[in-house]
Amino acid sequence: MIKVLLFAGARPNFMKIAPIFWEMSQQGSGFTPYIVHTGQHYDRNMSGRFFDDLELPAPHFSFNVGSGSHAAQTAAIMVKTEELCQTVKPDWIIVVGDVNSTLGAALAATKLHIPVAHVEAGLRSRDRHMPEEINRLATDAISDLLLTPSRDANENLHAEGVPKGNIAFVGNVMIDSLVKVLPQLENIPHPTQAPYFIATIHRPKNVDSRNQLGKICALLEEISNSIQLVFPLHPRTKASLQKFDLLTKLENNTNIHLHGPQPYKTFIAWLQGASAVVTDSGGIQEETTFLGVPCLTLRESTERPVTITEGTNQLVQFDNLIEKIQELSKQGPKNGQIPELWDGKAGIRIINAIKKHHAYI
Ligand code: UD1
């Protein structure tokens with residue numbers, strides 16, 4: 001049996017580890033998987049409820065590192081990963097995505113010569129001001145097996161000189177979770193009976209300065225003049241809205257529906273019913289592409305270009321967001337297509353790729 005530690009820490013990780021855990025838990029899989037939760041996210045709505053919705057067991061190991069600066073959080077995860085690996089002696093660790101937990105765990109394990117598989121490898125925004133871009137570059141540079149969600153990711157890795165044998169194109173594992181929950185959403189009510197947009201904004205660049213967040217609030221108010229706007233608030237966003245005295249105005253706007261972070265199934269049900277989404281998230285660009293919902297991404301670049309070339313995503317800026325929304329309502333949504341291997345079967349391809357690679361080491 002191949003003993004694996006499967007690391008997750010922040011909200012977007014949970015739907016990426018779930019399909020791998022389900023596959024590895026099947027009898028005869030050849031794996032013994034253990035879930036490690038770093039505790040980067042800890043509120044029930046950012047973490048525990050995802051385990052319930054994704055039918056995951058409680059984590060086998062919890063680090064409870066909590067919030068902190070990038071260095072403090074990453075370092076705490078490294079120290080705890082080192083201790084755990086020395087005790088459990090896994091054959092492999094698996095890290096997913098691009099959060100601080102991804103890099104911290106990969107860095108500690110690789111120095112103990114434990115093979116690291118990185119799921120969602122090879123994505124590049126080419127914007128080094130994003131902490132996630134640094135996490136992606138550094139994790140890919142030290143991982144043994146790079147499991148990619150799309151062909152552009154393979155090309156990025158080839159261009160960086162990664163040997164072909166260390167890369168496997170497995171598809172988008174997050175879509176496995178989406179495919180699994182889609183039939184379970186019937187009884188989840190939409191946040192409003194009228195047509196609505198969803199907004200999700202949480203990137204430090206957008207919410208940490210009063211100027212940026214003020215501009216975003218003004219744009220959301222403008223959108224809400226023509227359509228209901230559902231705005232689930234990330235804790236970071238809520239804290240900034242309070243700090244900059246921007247919250248009350250949004251609360252008093254009857255066309256804006258403020259909520260806390262939503263559990264996975266509820267959020268997917270809401271996405272499915274939305275006329276469009278305005279976001280700065282990474283994963284939501286992919287989920288909307290799969291669901292065929294128009295997505296306006298308020299960022300200068302994306303590490304997920306396939307959502308633009310094939311899917312329903314487009315990049316927008318402060319000065320053209322309203323214009324792009326008007327275009328959308330005149331022209332109707334783009335007929336996107338679902339990218340290659342976003343088919344709900346990435347989990348099984350991931351475990352097959354690890355088995356194959358394990359045989360060589
Ligand atoms: C992290 C990821 C980001 C991902 C996002 C999804 C990194 C560098 N960033 O950003 O890529 O898109 O998760 O949410 O890893 N907080 C709570 N409760 C929680 C967790 C956080 O209140 O359960 C608050 C704390 O005030 C904390 C702040 O949110 O300081 C930010 O949390 P943190 O994990 O540092 O980064 P995110 O912005 O969530």
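Residue numbers count from 1 along this sequence. All ligand and atom numbering here is 1-based and tracks the order in the structure.
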Arg11, Arg203, Met46, Gln40: member with heavy atom nearest to atom 34 (O) of ligand 1: Gln40
Those atoms of ligand 1 less than 4.0 Å from some heavy atom in His70: 8 (C)
Ala239 to ligand 1, any heavy atom closer than 4.0 Å: no
For atom 22 (O) of ligand 1, closest protein heavy-atom neighbour: Pro235 CB, 3.1 Å
Top protein contact for atom 2 (C) of ligand 1, by heavy-atom distance: Val99 CG1, 3.7 Å
Taking atom 19 (C) of ligand 1 as the reference point, the nearest protein heavy atom with its distance: Tyr42 CZ, 3.5 Å
Aromatic plane relationship, His234 with His202 - under 30° parallel, 30 to 60° tilted, over 60° perpendicular: parallel
Residue among Asn255, Ile256, Leu296, Ile325 satisfying side chain to side chain contact (heavy atoms under 4.5 Å, CB included) with Ile223: Ile325
Test salt bridge (Lys or Arg N to Asp or Glu O under 4.0 Å) applied to Arg126 and Glu133, step by step: CA-CA 7 Å; Arg126 314 205 191 282; Glu133 182 73 354; 5.5 Å; no
Nearest protein heavy atom with distance in Å, relative to atom 25 (C) of ligand 1: Ser67 OG, 3.4 Å
Residue, atom name and distance, where the atom is the protein heavy atom closest to atom 29 (O) of ligand 1: His234 CE1, 3.8 Å
Mutual orientation of the aromatic rings belonging to Tyr196 and His190 [parallel < 30°, tilted 30-60°, perpendicular > 60°]: perpendicular
Polar contact flag, side-chain donor to acceptor under 3.5 angstrom, Ser62-Asn64: no
Residue pair Thr102 / Asn135, side-chain donor-acceptor N/O under 3.5 Å: no
Chi angles and distances behind the side chain to side chain donor-acceptor pair (under 3.5 Å) call for Asn100, His70: CA-CA 7 Å; Asn100 289 342; His70 285 275; 3.1 Å; yes
Shortest protein heavy-atom distance from atom 6 (C) of ligand 1, along with the residue and atom involved: Pro12 CD, 3.6 Å
Contact check, side chains of Asp280 and Thr297, non-hydrogen atoms, under 4.5 Å: no
Residue and atom name of the nearest protein heavy atom (relative to atom 28 (C) of ligand 1), distance in Å to one decimal: Arg236 CB, 4.3 Å
Test of ring centre spacing under 6.0 Å for His37 and Phe51: yes
Under 3.5 Å: N/O of Glu132 near N/O of ligand 1: yes
Mode of His41 contact toward ligand 1 - side chain, backbone, both, neither (heavy atoms, under 4.0 Å): both
Heavy-atom nearest neighbour in the protein, as seen from atom 18 (N) of ligand 1, with distance rounded to 0.1 Å: Asp43 OD2, 2.8 Å
